[in-house]
Structure formats: structure tokens, C-alpha cells
Amino acid sequence: MTHGQTHEQIRDEEAELAAAAEAGQDGAYRAYATFLGKNGRMDQALPWWASAAAAEDADAARTLAICHKDRWEFDEAERWYRSAADHDGGCAFGLATLLKEAGDLDGAQEWYARGAALGNVQCLTNGALLKAARHGSFAEAQRQLDEAAELGDHKAASARQVIENIVDDLELWEDRLARAEADGDAEAAFEALSPLRDPEYAGMFTYYPSTIRAAEALCARAAAVGSHKALIEQAVLVARDSDRFEEARALAVRAHELGYSGAAYVLGVWAFERGDQRVAEQWFETAAAAPDGHDYARFYLGLIGIMQRRLDEAERWLRLPGDTEGEDDPYDGLPKMFIDQLEEIAAIRADPARLPDPELTARLPDLRAAAESGGPEECFAYADALERLYRLPDAADWYRRAGTPRALLDLGRMLQSCQADETLLVPYFEPAAEAGDAGAAYSIAVIHTDAKNERAAGVWKLKAAELGHARAAWGVGRTSEERGGDPQFAERWYVRAAESGLARPAFLAGRSMVRWGRYAASERWLRMAWENDIPEAAYHLGRALRRLGRSTEAEQWLRRAVARSGDFDRPRGPLERRVDPRPELAELLVEAERDEEAAPLVADILAEYPGHATGHRLAGQLARRRGDLTTAEHHFAQIEERNSDPGTRMSLREIRELLAQVTHEH
């Protein structure tokens with residue numbers, strides 16, 4: 001509802017716009033679609049946006065694409081972007097960005113170029129950055145960014161400075177390395193590239209992958225001088241590309257064979273991240289046994305021992321880095337991370353429920369025999385028993401042998417609990433998710449969320465919600481609402497989540513329904529939220545009941561809201577304000593002409609918020625009713641310029657006319 005419009009005025013405006021759109025008048029499709037969208041009715045707006053787009057309205061095509069993208073309907077979004085991208089720079093930009101997010105970098109590069117040719121400066125900037133990121137075409141990117149900056153794109157100027165800094169750094173490292181190469185100094189060659197290990201440059205590698213190749217080449221040159229450490233740095237850089245992992249592993253093995261003890265640690269970490277504890281343990285033991293030792297390898301060996309309930313071994317590894325046990329401090333000299341794990345060992349030993357079950361251990365031979373002669377179900381049963389007995393590497397083998405979606409899902413969850421790299425575990429969850437397991441789909445969504453892959457996270461969260469996962473439905477609704485443009489879509493998913501019994505989405509659904517005038521539908525959800533101790537539900541329920549004409553009930557709920565307002569949620573964003581139920585209750589009392597009850601509320605509101613528009617309006621109405629025209633004029637004048645309510649302007653004009661008459665008579 002537009003501020004200041006009555007419901008009758010809105011209905012009249014809608015009827016006029018609908019009639020014009022039905023008649024196909026110029027601009028009417030867009031006007032009616034815009035009206036529906038602003039009133040929270042995107043479902044009804046989409047067909048009219050489509051009509052406008054079909055009539056060669058490029059902005060309408062872009063709006064449609066954005067709406068579908070926000071609903072994670074990427075095929076539809078792409079279709080509408082493409083419908084106008086060849087002649088509209090905004091659609092070309094949207095299409096290029098969509099393709100980039102989908103991993104189609106060639107397509108993105110093409111459409112950024114085509115959009116730039118159409119005069120879209122954002123395409124010019126993003127196309128330049130993509131060239132720099134993919135191909136290391138820094139000089140060409142700088143030229144394009146200069147052009148974009150001249151056209152007024154402030155982001156282009158800052159991006160150009162970033163690229164200039166990258167080029168300067170690469171040249172500096174190149175010069176330092178060249179001097180070390182000339183001297184044949186392996187240690188100096190390694191130190192010349194020390195900034196590459198600085199976390200400061202992690203963002204450079206993430207956003208400009210071409211710099212990885214440049215850094216990799218520098219490391220290879222340092223390794224050629226004789227730096228085995230540089231060979232490991234090269235391996236780490238290569239490993240950033242998951243498709244080149246075996247190449248990275250071969251480099252690390254070579255560094256190990258050349259005598260660098262740190263290589264064994266790196267190989268152990270990589271195996272650990274992939275959930276292969278057997279191989280990880282072998283490499284960590286190698287690193288720990290090196291003449292210089294390796295405390296972090298010992299820590300990982302302790303961690304693996306704890307996970308597999310080989311507690312004596314774990315304790316031995318974890319105590320090695322410290323001094324001899326002292327009388328006063330049993331952890332003398334140990335880092336905190338080691339102490340934490342030793343305390344965990346003590347807690348496990350003290351809790352039989354966290355130790356292997358002897359009865360299940362006794363059954364293990366029979367379960368193995370059944371698995372060896374049986375099929376997937378028997379293999380799964382044996383794998384499950386092995387996991388519960390903390391024989392994790394063997395459990396992983398048998399889960400893989402079972403091979404069913406359920407077995408792979410349990411394997412993925414087991415490896416998650418073993419601190420494996422979650423992004424590598426998605427293939428274990430996918431078969432179950434594709435077979436309809438909502439929890440598996442949601443787990444994939446969470447993995448992508450943690451990895452900051454927003455598109456993949458959204459796709460999987462929506463899939464989980466469609467499969468009935470309540471928290472996924474809640475998340476879909478929340479994301480849509482945060483984007484701000486599609487309250488109907490958000491509300492549908494809040495309702496789906498609330499139907500499973502979740503109170504918070506019930507509140508969000510009810511609040512949305514009140515906001516967009518669906519008062520009767522809101523009551524069920526707001527009552528549910530109140531019964532689950534969400535006090536702000538009382539305020540929105542009071543508003544809904546008041547507009548349904550149930551004033552007595554509305555007053556009861558608004559008084560509850562005032563009493564509990566201190567428990568309302570804090571605002572979650574800079575544009576949100578904390579809800580205050582007092583103005584709504586005061587309005588209800590003024591409408592009922594219960595002025596003595598309303599007056600203290602209004603006074604409190606204005607004392608706390610001197611410029612409160614509703615407070616001044618209500619104060620003006622109260623003053624007018626008691627005949628204090630001067631005070632009424634003061635309050636209405638406070639809001640005349642910023643209140644579009646025609647009733648306020650009429651009241652102020654009438655009061656001034658009355659005051660003029662009184663002045664004339666005296």
C-alpha cells in the first residue's frame with residue numbers, strides 16, 4: 001500500500017491499471033506489473049512483466065530475469081536475459097554475470113564484451129576483470145578499466161589500482177628471484193617468494209586465478225635452483241585446482257624424496273582432508289619421525305588416535321612436544337591445542353558411552369562373514385558396526401563396497417565428523433539427495449553455503465525445501481525476503497516450514513501476511529508463534545485483528561505486546577527499526593474515543609520520539625476533541641509536510657479556519 005492511500009483508492013487504481021493492461025495500452029503492462037510488485041503480489045505481476053517483455057520492453061525482460069534468478073529458476077532467468085541481451089546492455093550484463101556464476105566463463109566473457117559494445121560500463125569493467133582473472137591479461141584489463149573509469153565507474157578505478165599492485169608485486173618477486181638464480185642460492189630463491197605464503201595474498205589467488213599460474217612458475221624456478229621448500233609451495237599452488245591434484249601430489253612426493261621433511265606433513269594433511277586416515281597416518285608418522293620432528297604431524301596423529309579410540313597412542317603423540325610431566329602441571333610446556341585434546345581423551349575414558357561397545361565388538365565376526373557373502377545391505381550393516389566401534393578406515397571401505405545412496409550418505413557424514421574437507425564430500429551426499437533424501441540435499445546446501453558458493457547453496461536449499469526439509473524451506477524464505485523483491489515467494493516457504501512445527505517461520509509468515517493485508521490468514525501462524533514464546537507475534541496479531549474489525553481481541557493482544565515489548569527481537573539490519581506496539585494500541589483507543597486511556601500512551605510516545613508522526617497525529621486528534629485548537633494545530637503542523645494522509649491536512653486546515661474565527665470574534 002502506498003503511504004497515505006486508502007484501501008478504496010488502491011482498489012480504484014488497480015482497476016484502472018488492470019483495464020488499461022487488458023486493453024493493451026502503451027506502457028500499461030509495465031505500469032500494472034509495477035503496481036502489483038509494489039503491493040507484494042509478484043506471482044500476479046510476472047505474467048504482465050512477460051507481456052511487457054514480449055512487447056520489446058528490455059527493462060521488463062531484465063526484471064523478469066532477476067525475479068526468476070531470485071527464485072533460483074536459472075533456466076528461466078537466462079531465457080529472459082537472452083531475449084533482450086543482443087540489444088540491451090543491462091540484459092547483456094545480467095546474462096554474462098549469470099553465466100559466470102554458473103561457471104561458463106567463455107560465455108560470460110562473450111556477453112561482457114557484447115554488453116560493453118552496447119555502451120554498458122559495468123560490462124566493460126567486469127569484462128576487464130574477468131580477462132585479468134582468467135588469462136593474466138593485465139595490460140589489456142588496465143586499458144579497459146581506464147576507459148570505464150573515464151565513463152564514471154568508480155569501481156573501475158579501484159580495481160585498476162588492485163591490478164597495478166598485483167603487477168608491481170609480481171615484478172618485484174621476479175626481480176628478487178632472478179638475483180637468487182644468478183647467485184645459485186636456493187635459500188635466497190625460496191625467501192624471495194616468501195610473500196606468496198602471506199595470508200594477505202589469499203584473496204589475490206581467489207579473485208585472480210591467473211596469478212596462481214604466475215606464482216607457480218616462480219616457485220618452479222626456485223625449485224630448479226635447488227629449493228625443495230619451493231617445490232612444496234608449487235605443489236600447494238597446483239593443488240588449488242582440484243583437477244590437478246594428482247599433479248600436485250606428485251610434486252610433493254618428489255620434494256619428500258629429495259629430503260624435505262615438511263613434504264610428508266603436507267601429504268598427510270591432504271590425505272586427512274580427503275578422509276583417508278590410513279594414508280594420512282603414514283605420512284604424519286614419517287613427518288614426526290624426521291630428525292627435526294614435526295609437532296603438527298604429532299598433533300594430527302593424536303587427533304586420528306582419538307577418532308579411532310586408540311587413546312594410549314593418541315596420548316603418547318600429544319605429549320611428545322612437551323617437557324617431562326611436572327608435579328604441578330601435567331601438561332607442562334604443551335601448546336593449548338594439545339592440552340585440549342588430552343583433556344578430551346580424559347573425558348572419553350571417563351564416559352563408557354563414548355568407548356567401543358563390547359557386545360557389538362563380539363558380534364563383529366558374524367557381521368563380517370555376512371558382509372563377505374551377502375549384498376549391499378549386509379555390507380552396510382558391517383560398515384555401520386565398524387563406524388560405531390570407531391574403526392573408521394575399515395568402515396569407509398565397507399560403506400564404499402555397499403555403494404548404495406544410504407551407504408554413501410553415511411560415509412559422507414562419517415567423514416564430515418572426521419574433519420575432512422567438506423567440499424570434497426558432496427559426491428557422497430548427491431546420490432541420496434537425487435533419490436529424494438531432503439536431509440542429504442540440505443547437507444549439500446550447507447556445504448556450499450560454508451564454501452560461499454551462493455548459487456549452488458541456493459539450488460540445493462530449494463531442492464531440500466521441495467523435498468520437505470523444514471529448515472531449508474525457512475532458509476529459502478529468509479533469503480528471498482532479504483533480497484527484498486518477492487514477498488509471496490518468501491511467504492510460501494515460511495508457511496511450508498511452519499507447517500512442520502517451526503515457530504520462527506510461522507511468525508515470519510504471519511508478519512508478512514499482515515504487512516500485505518492478508519489479515520485472516522495470518523492469525524493461525526501468529527498464534528502459533530505466540531504459543532512458542534515469540535512475543536512480537538502479539539503485536540502483529542493485534543494489528544491483524546484490528547483490521548478485521550475484532551477490536552476487543554485486538555486490544556487484548558496489543559496490551560500483551562506492550563507488556564512484552566522489551567523482549568522483542570533486536571533489529572537485524574541497519575534499515576530495520578525495533579517494533580513499538582504503543583502507537584497501534586493508542587490508535588485503537590483514540591478510534592474508540594477512550595481519550596483518557598490513550599493520552600498517557602501518546603505522551604509517552606512523543607516523550608521518547610519527539611518527531612513521531614503517528615504520535616503527533618493522535619495528539620492533535622485528542623487536543624481537537626477536548627477543544628484545545630492551538631495544541632491541535634501545533635501537533636498537526638509538525639507532520640504536515642511529511643504526512644501524505646489527506647485527513648491530517650484537512651484537520652489542520654479546519655483547525656486554522658476555526659482559530660481564525662475565534663481570533664476575529666475577540
Side-chain angles (χ1 to χ4, degrees), residues 268 271-286 288-289 297-320 330 337-422 424-425 428-429 431-432 437 439-440 443:
F272 186 83
E273 289 175 342
R274 281 157 177 75
D276 191 342
Q277 291 189 356
R278 282 198 196 94
V279 172
E281 193 167 2
Q282 292 167 3
W283 283 115
F284 286 138
E285 286 177 349
T286 300
R298 291 164 180 160
F299 175 80
Y300 272 106
L301 287 167
L303 197 60
I304 290 171
I306 292 171
M307 290 176 178
Q308 297 184 21
R309 296 303 188 262
R310 293 152 46 199
L311 301 181
D312 292 343
E313 291 179 50
E315 184 171 5
R316 178 172 62 83
W317 284 116
L318 291 167
R319 287 192 181 279
L320 277 176
M337 60 190 292
F338 286 75
I339 294 171
D340 289 344
Q341 295 306 316
L342 287 167
E343 290 177 345
E344 174 71 0
I345 289 173
I348 292 170
R349 284 174 171 156
D351 184 359
R354 299 181 67 188
L355 292 167
D357 180 359
E359 293 184 6
L360 183 58
T361 302
R363 292 175 48 214
L364 205 58
D366 291 339
L367 289 169
R368 181 183 181 104
E372 289 177 338
S373 62
E377 289 302 314
E378 289 77 14
C379 292
F380 175 83
Y382 183 49
D384 177 65
L386 289 167
E387 181 184 354
R388 287 188 283 142
L389 291 170
Y390 305 100
R391 303 185 186 184
L392 305 180
D394 291 339
D397 292 341
W398 283 94
Y399 277 133
R400 290 190 179 93
R401 184 164 170 177
T404 62
R406 179 188 175 195
L408 295 175
L409 176 60
D410 276 21
L411 173 57
R413 288 178 173 157
M414 184 186 82
L415 296 179
Q416 266 187 322
S417 71
C418 292
Q419 302 180 26
D421 182 344
E422 291 186 331
L424 302 174
L425 302 181
Y428 295 119
F429 290 87
D437 187 315
S443 293

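Just so we're clear, the structure is a prediction, and the values are computed from it rather than from any experiment.
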Would you list the atom pairs, donor with acceptor, under 3.5 Å between side chains in residues 408-420 and any protein atom, with sequence neighbours excluded?
unit_1, atom_1, unit_2, atom_2, d
Gln416, NE2, Glu422, OE2, 3.1
Ser417, OG, Met414, O, 2.5

Heavy-atom closest contact ([X] atom, [Y] atom, distance):
X      : Y      : value
Leu318 : Arg298 : CD2-O, 4.5 Å
Pro431 : Pro405 : C-CB, 3.9 Å
Leu389 : Thr361 : CD2-OG1, 3.3 Å
Ala297 : Ala288 : CB-N, 4.1 Å
Phe299 : Met337 : CE1-O, 3.4 Å
Ala280 : Ala271 : N-CB, 3.5 Å

*Report, as yes or no, whether the 6.0 Å neighbourhood of atom CZ on Arg406 holds more than 12 heavy atoms from other residues, nucleotides or ligands.*
no
_Can you confirm whether Leu303 sits close enough to Phe272 that some side-chain heavy atom of one is under 4.5 Å from a side-chain heavy atom of the other?_
yes
*Are any of the side-chain heavy atoms of Thr286 and Gln282 separated by less than 4.5 Å?*
no
*So which of Phe338, Trp283, Phe284, Trp317 actually passes ring-ring contact (aromatic ring centres under 6.0 Å, His included) with Tyr300?*
Phe284
Could you state the interatomic distance from [atom1] ([X]) to [atom2] ([Y]), rounded to the nearest 0.5 Å?
X      : Y      : atom1 : atom2 : result
Gln308 : Gln277 : CD    : CD    : 5.0 Å
Leu320 : Glu315 : CG    : CD    : 11.0 Å
Ile304 : Glu313 : CD1   : CD    : 11.0 Å

*Tyr382 vs Trp398 aromatic rings, parallel, tilted or perpendicular, using cut-offs 30° and 60°?*
perpendicular
_With sequence neighbours excluded, residues passing side chain to side chain contact (heavy atoms under 4.5 Å, CB included) with Ile348_ = Ile306, Arg309, Leu311, Glu344, Arg354, Leu355
*Should Arg363 and Glu359 count as an ion pair when the cut-off is N to O under 4.0 Å?*
no
_I'd like to know if Asp397 pairs up with Arg278 as an ion pair, taking the criterion as any Lys NZ or Arg NE/NH1/NH2 lying under 4.0 Å from an Asp or Glu carboxylate oxygen._
yes
_Verdict with reasoning, Asp421 to Arg274, per side-chain contact (heavy atoms from CB on, under 4.5 Å)_ = CA-CA 6 Å; Asp421 182 344; Arg274 281 157 177 75; over 6 Å; no
*Do side-chain atoms of Glu378 reach the backbone of Gly375 as a donor and acceptor pair under 3.5 angstrom?*
yes
*Give the C-alpha distance, both sets of side-chain angles, the deciding distance and a yes or no for salt bridge (charged side-chain N to carboxylate O under 4.0 Å, His left out) between Arg316 and Asp312.*
CA-CA 6 Å; Arg316 178 172 62 83; Asp312 292 343; over 6 Å; no
